[in-house]
Amino acid sequence: MGDRSRRWAWLGVFVVGLVLYLAVLRTLVSTQNPNFVPALILLGATLVPLTFLTFAQARTGRWQVPASVLVTSAFFGGVIGTVVAGTLEYDTLRGLGALPMLFVALIEESAKLIVPVVLLFTAVAQHRGRVPSDGLIIGVAAGMGFAALETMGYAFTALLSSQGNIGAVEQTLFIRGLTATAGHTAWTGLTAGALWALLASPSVGRLFGFIGTFLGVVVLHTLWDTLSGSLVFVVLAIISIGWLFWTLHRYKTFSDQAVGRLQPS
């Protein structure tokens with residue numbers, strides 16, 4: 001795929017996904033057949049995160065992560081991340097009687113790194129390159145899977161609590177879809193990218209960079225869960241997305257330089 005096609009592939013993903021979502025919604029409303037509800041929730045929960053993943057993947061430079069790795073990261077990262085986070089949060093809640101938002105953020109951000117870490121050490125074992133931008137995209141995929149499954153859960157809860165009101169489901173999918181890229185997707189991409197950068201070129205500075213990135217993400221997650229108000233969410237979203245793309249630009253430069261060193265003079 002050419003560079004121009006890659007850079008605009010996200011638009012095709014969004015348009016196709018939106019058309020499918022609207023087609024399912026129209027069929028559901030016209031037929032009143034509840035069998036279409038799972039498809040509606042699945043498409044609504046994955047549309048924006050998948051579009052964002054495609055957008056970011058096209059801007060990582062010349063090094064590309066195989067689609068199979070991204071699918072693995074999204075699927076297993078989402079399932080394992082939500083299961084581990086949900087179990088730890090439940091156990092902590094039973095033990096402490098209350099679960100501060102800081103603990104929630106710490107647990108979830110750690111759980112979402114499980115699959116990216118496994119993929120990282122798999123790459124090391126197979127003697128493949130450890131390019132920071134690859135880690136960032138793998139983290140974005142894992143965060144996408146986590147966000148999508150979490151959104152599906154919220155949408156299903158909205159369906160039950162509203163006694164089958166599809167409007168409540170649509171509202172939940174819309175709000176969660178808009179915030180998905182600025183939340184789990186961006187945060188996991190940042191931490192996974194910092195981890196791969198550390199392993200690609202170990203140094204004290206990179207170690208502190210990873211620790212600082214992880215703590216910064218936990219703080220953003222905590223503020224997101226604690227504070228309220230549209231302005232607060234907009235500010236946090238700008239910080240998260242801006243940080244992600246600034247980091248992606250740095251990693252792209254690193255990747256381009258690595259490719260230049262490998263090419264014969």
Side-chain angles (χ1 to χ4, degrees), residues 10 14 41 44-53 55-56 59 77-78 81-82 85-86 88-90 92-93 96-113 136 139-159 161-162 165 167-194 209-250:
W10 67 269
F14 179 76
I41 293 177
T46 58
L47 175 58
V48 174
L50 183 58
T51 300
F52 183 76
L53 173 63
F55 179 86
R59 286 155 178 80
T82 52
L88 292 177
E89 288 169 6
Y90 177 72
T92 306
L93 181 62
L96 299 181
L99 189 58
M101 289 298 103
L102 177 61
F103 286 172
V104 172
L106 186 60
I107 289 171
E108 292 188 356
E109 294 308 322
S110 299
K112 287 184 295 178
L113 280 179
L136 185 145
V140 166
M144 166 200 150
F146 189 98
L149 288 178
E150 194 175 62
T151 298
M152 291 170 69
Y154 277 105
F156 182 68
T157 301
L159 180 70
S161 60
S162 65
N165 186 346
V169 176
E170 285 186 273
Q171 183 179 15
T172 301
L173 292 173
F174 179 75
I175 294 174
R176 298 279 308 180
L178 286 180
T179 59
T181 55
H184 294 300
T185 307
W187 299 333
T188 312
L190 286 165
T191 51
F210 168 69
I211 295 173
T213 298
F214 182 77
L215 293 178
V217 163
V218 169
V219 169
L220 286 174
H221 193 155
T222 303
L223 293 175
W224 189 283
D225 289 343
T226 304
L227 303 178
S228 60
S230 300
L231 180 59
V232 172
F233 290 138
V234 169
V235 171
L236 292 176
I238 291 174
I239 293 174
S240 299
I241 296 296
W243 187 6
L244 179 74
F245 277 102
W246 175 72
T247 304
L248 183 59
H249 176 72
R250 287 175 48 237

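For this chain, numbers begin at 1 and follow the sequence in order. Everything numeric here is computed off the predicted structure, so don't read it as measured data.
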- request: Run the numbers on Leu178 and Phe174 for side chain to side chain contact (heavy atoms under 4.5 Å, CB included), then give the verdict.
  value: CA-CA 6 Å; Leu178 286 180; Phe174 179 75; 3.4 Å; yes
task: Identify the two heavy atoms, one from Thr222 and one from Thr226, that lie closest to each other, and give their separation to 0.1 Å.
output: O-OG1, 2.7 Å
query: With a 4.5 Å limit on heavy-atom distance, are the side chains of Ile41 and Tyr154 in contact?
result: no
message: Suppose we screen for side chain to side chain contact (heavy atoms under 4.5 Å, CB included). Which residues come up paired with Val234, at least two apart in sequence or across chains?
response: Ile238
task: Flag the pair Met152 / Leu149 as yes when at least one side-chain heavy-atom distance between them is below 4.5 Å, and no otherwise.
output: yes
statement: Note: Gly139 and Ala192 closest approach over all heavy atoms is CA-CB, 3.6 Å
Separation of Lys112 NZ from Thr82 OG1 (nearest 0.5 Å): 11.5 Å
- prompt: Rounded to the nearest 0.5 Å, how far does CH2 of Trp187 lie from OG1 of Thr213?
  reply: 14.5 Å
field: Partners meeting side chain to side chain contact (heavy atoms under 4.5 Å, CB included) with Thr157 (sequence neighbours left out)
entry: none
message: Restricting to side chain to side chain contact (heavy atoms under 4.5 Å, CB included), what partner residues turn up for Thr247, sequence neighbours left out?
response: Leu136, Leu190, Trp243, Arg250, Tyr251
query: Can you name the nearest heavy-atom pair linking Ala147 to Arg176, along with the distance?
result: O-NH2, 4.5 Å
query: Does the ring-ring contact (aromatic ring centres under 6.0 Å, His included) test come out yes or no for Trp10 and Phe52, once each step is laid out?
result: CA-CA 7 Å; Trp10 67 269; Phe52 183 76; over 10 Å; no
message: So for atom CZ, which belongs to Phe233, do other residues, nucleotides or ligands contribute more than 12 heavy atoms lying within a distance under 6.0 Å?
response: yes
- prompt: Leu173 and Ala155: which non-hydrogen atoms are nearest, and at how many Å?
  reply: CD2-CB, 3.8 Å
message: With rounding to the nearest 0.5 angstrom, report the NE2 to CG distance, His221 to Leu236.
response: 11.5 Å
CD on Glu109 to CD1 on Ile107, rounded to 0.5 Å: 11.5 Å
message: As a quick check of understanding, evaluate side chain to side chain contact (heavy atoms under 4.5 Å, CB included) for His184 and Met144, giving each step before the final call.
response: CA-CA 7 Å; His184 294 300; Met144 166 200 150; over 6 Å; no
field: Residue pair Thr181 / Val48, side-chain heavy-atom distance below 4.5 Å
entry: yes
query: Once you round to the nearest 0.5 Å, how far does OG1 of Thr46 lie from CG of Leu53?
result: 11.5 Å
message: Whether the side chain of Thr188 engages the backbone of Thr185 through a donor-acceptor N/O pair (distance < 3.5 Å, no angle test) should be reported.
response: no
- line: Here the pair of heavy atoms bringing Ala158 nearest to Ala168 is CB-O, 4.1 Å
field: Nearest non-hydrogen partners of Gly81 and Ala111, listed with the distance
entry: O-CB, 3.6 Å
message: To the closest 0.5 Å, what do you measure between CG (Leu113) and OG1 (Thr191)?
response: 4.0 Å
